[in-house]
2 protein chains.
Amino acid sequence: MNADQSGEEPPTTEERIMEATFRALLKHGYNDLSIANIADEFEMSKSSLYYHYDSKDDLLVAFLGFASDRFEEAVLSTPEDDPMANLEHIVEKLLPIQLNEEQEAIGTVMSELRSEAVTNEAFREQFTEMDDLLVDTVRDIVERGVEDGSFREVDPTRVAEHVVATVNGARASRTTTNRDQAPAAVRVSLASYLDSTLRGRQ
Amino acid sequence: MNADQSGEEPPTTEERIMEATFRALLKHGYNDLSIANIADEFEMSKSSLYYHYDSKDDLLVAFLGFASDRFEEAVLSTPEDDPMANLEHIVEKLLPIQLNEEQEAIGTVMSELRSEAVTNEAFREQFTEMDDLLVDTVRDIVERGVEDGSFREVDPTRVAEHVVATVNGARASRTTTNRDQAPAAVRVSLASYLDSTLRGRQ
DNA sequence: GTCTATAAGCGGATAGAC
DNA sequence: GTCTATCCGCTTATAGAC
């Protein structure tokens, strides 16, 4: 169920399974993902997977947890001091102008997994947690800005929900359409939204 | 491939198949959707479906076209004269405060189908078209407002991309999370964004 | 156009040896 | 812990009667 992350170095079998699942998912897509696909990705037999997980569903729920951790690690490092710089930093992480391979892979996989949340309650709860975490993070930054006087007296929750919805929509457009120019346009518009909403310029 | 909508009344077999697919999809979800599920939904044998469509994939592509038409019909009626009222009308259609059964069903199905666009090029093109249509519709309204002087001199494409990304993100949150309060918060924030961006108030 | 019957294969999952 | 072998149900798809 959970992947050890003791110190470093020798990956546990569970970690190797998660990595194999990641690759299989990228290669075949969620709908064509099978236990055999996963086993192929790290030279292990199908039945060994059943030693570590009770069922395919069990394995996939574990994988979603693993993928969420990756996503959160990649996104939620906020080293800046200035609230606005902090917001810009998060938006840049969520909606990079040029994404690297790792970012693209995580985005693709998350996008495929998200639709499973429509019908699978365990998945739904995990995505609820992820979006809650994002909103809370943005909200805290906005709150800090309001308190220290660098932002106007806005409703921090409302702004945070807006930012997260916009970013999620733009991320979905990246993975599910050929509208290549859209994410950049949204980035620009989001920056101007934050500037005008939080600092009253335009 | 295409569903006749000649005048009205007696549905063609293709239309009945599309309706059955709709119900089967709601009942079982995309991943557990089978030809047998669909046949069960309108009391017809599996093999008859193969008389009308060459393969399951063929049927699903046809269904996506059918579902897109439904979605567009439901969303893109813009009877208002005033540009701002027009925008509010579209946002209300896309992000209703209280959704009825039909709206919820379309939203659910579209959300499940969208993830298939990650790996299926035919699906991807259809979602590209849909988002293009949405963005174009919003952009045209903003352009009209700028031209007739009721809106400020904004970049209409940028505003349209922002609105569509935000709405799509909020719609996804409705179908894939338990964050029940999010869509309403986004609605409020979007209204205030449009007001301040297009009319310079806040 | 719709049916019954069935092919052919893949899927998840288990048994039992090592 | 990992393997080979196997079960069995369900899936897509086709053949051929009506």
Side-chain angles (χ1 to χ4, degrees), chain A residues 1-4 6 9-64 66 112-113 115-116 119-120 122-123, chain B residues 1-4 6 9-64 66 112-113 115-116 119-120 122-123:
Chain A
M1 184 70 191
N2 52 352
D4 283 62
S6 36
E9 309 315 303
T12 66
T13 305
E14 275 81 2
E15 283 166 342
R16 290 173 59 228
I17 293 175
M18 295 295 99
E19 296 291 346
T21 304
F22 201 130
R23 288 193 296 275
L25 207 38
L26 284 174
K27 199 178 282 184
H28 304 282
Y30 188 85
N31 296 313
D32 292 334
L33 181 69
S34 68
I35 294 289
N37 292 154
I38 297 170
D40 284 349
E41 285 300 322
F42 80 124
E43 308 290 314
M44 200 168 228
S45 74
K46 289 189 293 170
S47 64
S48 295
L49 296 175
Y50 285 96
Y51 176 81
H52 297 278
Y53 300 95
D54 289 342
S55 66
K56 186 189 182 185
D57 199 68
D58 192 38
L59 191 159
L60 288 177
V61 169
F63 177 74
L64 178 55
F66 169 85
E112 298 206 86
L113 293 178
S115 84
E116 181 67 8
T119 48
N120 179 325
F123 273 52
Chain B
M1 182 72 189
N2 52 353
D4 284 61
S6 36
E9 313 311 307
T12 65
T13 305
E14 274 82 3
E15 283 167 340
R16 290 173 60 228
I17 293 175
M18 295 294 99
E19 295 292 346
T21 305
F22 201 128
R23 288 192 297 275
L25 206 39
L26 284 175
K27 199 177 283 183
H28 304 281
Y30 187 85
N31 295 314
D32 292 335
L33 181 69
S34 69
I35 294 289
N37 292 156
I38 298 170
D40 285 349
E41 284 300 322
F42 81 125
E43 307 289 312
M44 198 169 228
S45 74
K46 291 185 292 169
S47 64
S48 295
L49 295 175
Y50 284 97
Y51 176 82
H52 297 278
Y53 300 93
D54 288 342
S55 67
K56 186 189 181 185
D57 198 68
D58 192 38
L59 191 159
L60 288 177
V61 170
F63 176 74
L64 178 55
F66 168 85
E112 298 207 85
L113 294 178
S115 82
E116 182 66 9
T119 48
N120 179 325
F123 273 52

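A note on names: the letters A, B, ... follow the listed sequences, proteins ahead of strands, and every chain is numbered from 1. Just the heavy atoms: all of them, side chains too, but no hydrogens, waters or symmetry mates, feed the values below.
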Check whether any side-chain N or O of B:E41 sits under 3.5 Å from a backbone N or O of B:I38 as a donor-acceptor pair, and report yes or no.
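Here the side-chain-to-backbone pair does not exist.
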Starting from [atom2] on [N], measure out to [atom1] on [X] and report it in whole angstrom.
X     : N      : atom1 : atom2 : value
A:I17 : D:dG1  : CD1   : P     : 11 Å
A:I38 : C:dG11 : CD1   : C1'   : 12 Å
A:F42 : D:dC3  : CZ    : P     : 8 Å
A:L49 : D:dC3  : CG    : C1'   : 12 Å

Nearest-0.5 Å distance that lies between atom [atom1] in [X] and atom [atom2] in [Y]:
X      : Y     : atom1 : atom2 : answer
A:E112 : A:H28 : CD    : NE2   : 11.5 Å
A:S34  : A:K56 : OG    : NZ    : 6.5 Å
B:K27  : B:N37 : NZ    : CG    : 9.0 Å
B:L25  : B:L60 : CG    : CG    : 8.0 Å
B:E19  : B:F63 : CD    : CZ    : 8.5 Å

Check whether the side chains of B:S55 and B:D58 place a donor and an acceptor atom closer than 3.5 Å, and report yes or no.
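Not at all, the side chains of B:S55 and B:D58 share no donor-acceptor pair under 3.5 Å.
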B:S48: what forms a side chain to side chain donor-acceptor pair (under 3.5 Å) with it, not counting sequence neighbours?
B:S45
Could you tell me whether the phosphate oxygens of D:dG1, OP1 or OP2, come under 4.0 Å of any side-chain nitrogen or oxygen in A:Y51?
yes
Along nucleotides 4-18 of chain D, 5' to 3', which nucleotides get a B, which get an S, and which get a -, given that the test is a protein heavy-atom distance under 4.0 Å?
B------SBBBB---
The helix from C:dG1-D:dC18 to C:dC18-D:dG1: angle between terminal helix axes, five bp per end, to the nearest 10 degrees, reads 0°
